[in-house]
Amino acid sequence: MIAEVIVDVAHSEVDKIFDYLCDDSVQAGCRVTVPFGRTYVAGFVMRIKPTSDFPNLKRIAKVFDELPAINPECLSLTQKIADRYHVPKALVLRLFLPAEMRTGKVSEVYKTYAELIDENAQIPVRATAQRGVVDYLKSHGKTPCSLLRERFSSAVNALEKKGVIQIYRERVQRSPYGNLALDDSARTLTDEQQAAVQSIQTSEKTVQLLHGVTGSGKTEIYLNLIAKNLQEGKSAIFLVPEISLTPQMLSQLRSRFGSAAAILHSGLSVGERFDEWWRLRSGEAKIAIGARSAVFAPLENLGIIVIDEEHDGSYSSETSPRYNTFDIARLRAEYNGCKLVLGSATPSVETYLHAQEGEYNLIKLTKRINRRPMPEITVADMRREVKKGNNSFFSADLQEELERVLSDNNQAILFLNRRGYSRSVICTECGYVAKCESCDVALTYHHEEKCLKCHYCGARYRMLSACPECSGKRLNYTGTGTERVVEELNKIFPSARILRMDNDTVAGKEGHFKILHAFAEGKADILVGTQMIAKGHDFPSVTLVGILDADMSLHFSDYRSGERTFQLITQVAGRSGRGQEKGKVVLQTYDPENTVLRHAIAYDYEGFYQNEISLRRATAFPPFALIVRVMVSAEHDQDALEGLKKIYFPLEKLYLENTDKFLFFNKMHSPIKRIQNRHRYQVLMRLTDASLLPQIYAVCAEYKDKHVTVYVEENPANLS
Ligand code: ADP
Ligand code: ZN
């Protein structure tokens with residue numbers, strides 16, 4: 001037979017099919033080693049065929065898999081993804097395997113066991129060791145050989161020879177979170193939940209949007225749907241934002257589905273990840289749970305795919321291929337003829353637009369479980385605090401509420417939006433924010449160059465020494481970190497136990513898991529953190545949430561900043577009052593009249609959405625336009641600049657031939673000129689629709705220079 005092989009070299013020059021001779025046993029999807037030029041390289045069999053047009057074919061040197069590593073669905077998906085993002089197929093195929101499998105650095109672990117097969121065997125009285133083995137096996141059952149050999153040495157082998165015991169090898173599963181406490185409180189669905197399940201099951205549409213307020217029991221709905229599919233012999237993918245792999249979620253899944261659930265995520269050890277992957281591929285496990293990369297889980301016969309917190313930014317890949325998890329999930333759902341369920345309390349406006357237009361089935365959950373009230377949000381006007389002489393991070397309101405939490409032995413979460421903080425310029429006296437004159441997005445402060453920049457058009461502005469609105473001199477350019485907040489808390493509440501969670505404190509395997517676990521166990525009174533504490537956690541003793549700087553993401557220099565702010569406030573506020581006691585939220589802001597904040601405080605998603613979507617329509621931003629950035633970077637500035645010139649030429653041609661489809665087109669320095677020693681330039685475009693996208697990708701795929709990296713980003717999450 002002939003095998004069509006893709007060699008695992010990620011240069012597009014070799015992104016071709018090569019024919020090799022192979023045995024009949026080789027199947028499509030197998031990993032192989034093939035002679036290639038003067039060496040041997042790894043490859044994947046894409047297809048088996050009877051004949052080839054080429055003479056003198058070489059033979060496959062080695063076949064790694066009995067069961068092909070890549071299943072038929074994933075093979076067909078490979079082609080689609082490669083076409084969509086113009087990347088070599090080898091690069092796509094890598095997404096389907098744990099990285100360690102490609103390099104051969106990981107493999108199965110086996111252990112040998114002994115078991116008694118002849119209960120009535122007559123053992124000579126003098127052979128005490130042999131009798132010891134038999135007695136041990138009688139009372140303990142199957143036992144690792146190593147243990148028996150340690151105690152009874154060679155008696156083990158003697159008994160095997162006599163046929164009294166049997167020695168065999170068994171695969172060892174390195175199971176992540178093996179000692180997790182189980183939470184098996186089975187729940188009966190509420191009427192609202194039941195209706196949602198019904199609606200999803202009977203809908204004709206592929207994509208289902210479950211729009212439910214925080215605490216409305218969405219998780220229970222997913223689990224119910226997954227269980228139903230499992231009963232029908234089907235499999236499931238359950239995607240969560242990386243951060244949401246919380247202890248509670250995991251213990252719920254483990255207790256409900258036992259070993260049928262496999263967890264894929266970056267915090268696992270190499271061996272654990274390999275074993276979990278293999279359990280899915282072999283069909284032993286039927287549910288893949290994980291962050292975005294789990295969308296590539298090697299499952300067959302999918303019955304459902306769930307994307308929880310669908311609006312979350314972590315669903316876009318920021319390394320090549322820069323795929324969008326939703327797009328891949330949809331392709332898989334269509335291939336399998338199954339449902340794709342998106343869940344969120346704050347769907348992205350793009351998703352909601354599709355639901356409004358009837359493309360997706362929209363299901364709403366408007367009440368919290370047990371009719372628990374949504375926590376009340378009060379606004380603290382920080383301008384007034386400043387005027388009153390309060391220069392701390394905490395308004396008088398928040399301090400008072402914190403005192404109450406501490407004396408009642410409850411817990412509080414303080415949320416700090418550090419990411420946006422140090423970037424925009426805000427007047428602490430009137431709330432004025434510096435914006436770009438032509439784009440109406442907030443300017444970003446660049447410390448090194450001491451200037452303000454617009455990330456959407458590249459315009460530069462001089463730094464302000466006074467506020468143009470109120471002439472106030474207190475402009476805030478640089479912010480604070482969680483560390484300083486904790487410091488100040490310690491001063492005001494010396495006896496409070498405080499935990500901090502941000503990028504600095506969660507390093508290492510299961511880092512954030514540990515912090516959250518400690519907080520859940522009541523080992524601290526106050527948890528201070530950034531974005532990563534916002535979502536998905538269920539801490540029943542939390543009765544207060546403080547949002548220290550609600551505006552800071554509002555003026556983040558991004559067209560989505562309003563959307564992000566609404567989502568963040570809703571998510572963070574949703575952490576309060578999930579137990580028996582009523583929850584409270586204190587939201588600190590310099591801009592209490594802001595529309596986005598007003599809607600967030602009133603839990604009015606619909607109002608927020610109407611406002612936001614008409615704004616996007618009027619200003620021609622996504623989803624009514626497409627922002628595309630072609631990024632060019634190189635170690636030497638000259639190389640990057642040359643690269644930019646070369647790539648600009650064909651792009652400009654495209655632009656000149658289609659000016660009606662462009663709202664903006666220009667080449668420029670990237671806002672941050674150098675990152676990790678690479679000089680960065682970009683061609684920035686805003687297009688009326690996606691029709692030119694394939695041509696833009698094609699232009700960039702053609703560009704080849706080993707010193708220069710070129711890639712395309714669609715609606716990038718970050719334009720710095
Ligand atoms: P969401 O994901 O919508 O924010 P959760 O799934 O976290 O909401 O549910 C909120 C709380 O309600 C959880 O503590 C969950 O265990 C509980 N819960 C969910 N469904 C039920 C039910 N049918 N009966 C009792 N409690 C439920
Ligand atoms: Zn601008």
Side-chain angles (χ1 to χ4, degrees), residues 180-200 208-228 236 238-257 261 289 304 306-312 341-347 351-352 362-375 410-411 413 415 516-517 519-522 533-543 545 566-583 585 600 603 605:
L180 207 62
L182 296 188
D183 158 20
D184 54 359
S185 40
R187 294 174 184 95
T188 322
L189 293 189
T190 62
D191 290 347
E192 213 183 15
Q193 285 171 322
Q194 190 61 51
V197 167
Q198 198 92 46
S199 171
I200 291 169
Q208 308 285 315
L209 174 59
L210 187 57
H211 176 211
V213 298
T214 54
S216 58
K218 295 185 287 295
T219 313
E220 206 61 33
I221 295 174
Y222 309 141
L223 298 185
N224 195 280
L225 288 163
I226 291 171
K228 285 198 164 78
F238 185 7
L239 302 176
V240 291
E242 181 84 55
I243 290 314
S244 288
L245 285 167
T246 61
Q248 291 116 322
M249 180 80 100
L250 290 178
S251 55
Q252 245 176 330
L253 288 157
R254 267 286 150 76
S255 55
R256 189 90 46 119
F257 302 113
I289 299 143
I304 187 169
V306 175
I307 305 184
D308 189 25
E309 312 281 9
E310 70 85 30
H311 61 274
D312 195 89
V341 180
L342 311 177
S344 177
T346 53
T351 302
Y352 208 70
L362 176 61
I363 305 111
K364 292 189 190 187
L365 301 173
T366 54
K367 292 182 206 76
R368 280 191 156 184
I369 292 290
N370 296 336
R371 304 190 174 262
R372 266 170 224 149
M374 298 301 286
N410 285 321
Q411 289 181 300
I413 292 180
F415 173 77
L516 294 173
H517 198 67
F519 191 61
E521 296 214 307
I533 59 170
K535 51 211 166 187
H537 314 301
D538 200 5
F539 302 114
S541 326
V542 171
T543 54
V545 164
F566 186 88
Q567 287 163 349
L568 268 174
I569 293 175
T570 312
Q571 298 292 335
V572 185
R575 302 309 112 211
S576 184
R578 291 170 82 89
Q580 293 309 317
E581 267 181 77
K582 199 164 173 286
V585 179
Y603 296 104
Y605 177 84

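Numbering starts at 1 and runs along the sequence shown. Any value given below was found using the heavy atoms of this structure, including those in side chains, with hydrogens, waters and symmetry copies removed. Whatever order the structure lists them in is the order used to number ligands and atoms, beginning at 1.
Contact record, Ala573 with Tyr603: CB-OH, 4.0 Å, taken as the closest heavy-atom pair. Nearest approach of Ser216 to Gln193, heavy atoms of both residues: O-NE2, 4.0 Å. Listed here is the closest heavy atom pair of Leu362 and His211: CD1-CB, 4.1 Å.
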Please test Glu309 against Lys218 for salt bridge (charged side-chain N to carboxylate O under 4.0 Å, His left out), starting from the C-alpha separation and ending with a verdict.
-> CA-CA 10 Å; Glu309 312 281 9; Lys218 295 185 287 295; over 6 Å; no
Show me the short polar-atom pairs for ligand 1: any N or O of it lying under 3.5 Å from a protein N or O, with distances only.
from     : atom 1 : to     : atom 2 : distance (Å)
ligand 1 : 2 (O)  : Thr219 : OG1    : 3.3
ligand 1 : 3 (O)  : Ser216 : N      : 3.2
ligand 1 : 3 (O)  : Ser216 : OG     : 3.4
ligand 1 : 3 (O)  : Gly217 : N      : 3.1
ligand 1 : 3 (O)  : Lys218 : N      : 3.0
ligand 1 : 3 (O)  : Lys218 : NZ     : 2.8
ligand 1 : 4 (O)  : Gly215 : N      : 2.7
ligand 1 : 6 (O)  : Thr219 : N      : 3.2
ligand 1 : 6 (O)  : Thr219 : OG1    : 3.0
ligand 1 : 7 (O)  : Arg578 : NH2    : 3.1
ligand 1 : 8 (O)  : Gly217 : N      : 3.1
ligand 1 : 14 (O) : Asp538 : OD2    : 2.8
ligand 1 : 16 (O) : Arg187 : NE     : 3.3
ligand 1 : 16 (O) : Arg187 : NH2    : 3.3
ligand 1 : 20 (N) : Gln193 : NE2    : 3.0
ligand 1 : 23 (N) : Thr188 : O      : 2.7
ligand 1 : 23 (N) : Gln193 : OE1    : 2.8

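The CD1 atom of Ile307 lies 13.0 Å from the CG atom of Leu210; values are rounded to the nearest 0.5 Å.
Side-chain polar atoms of Thr351 and Glu310 form a donor-acceptor pair below 3.5 angstrom.
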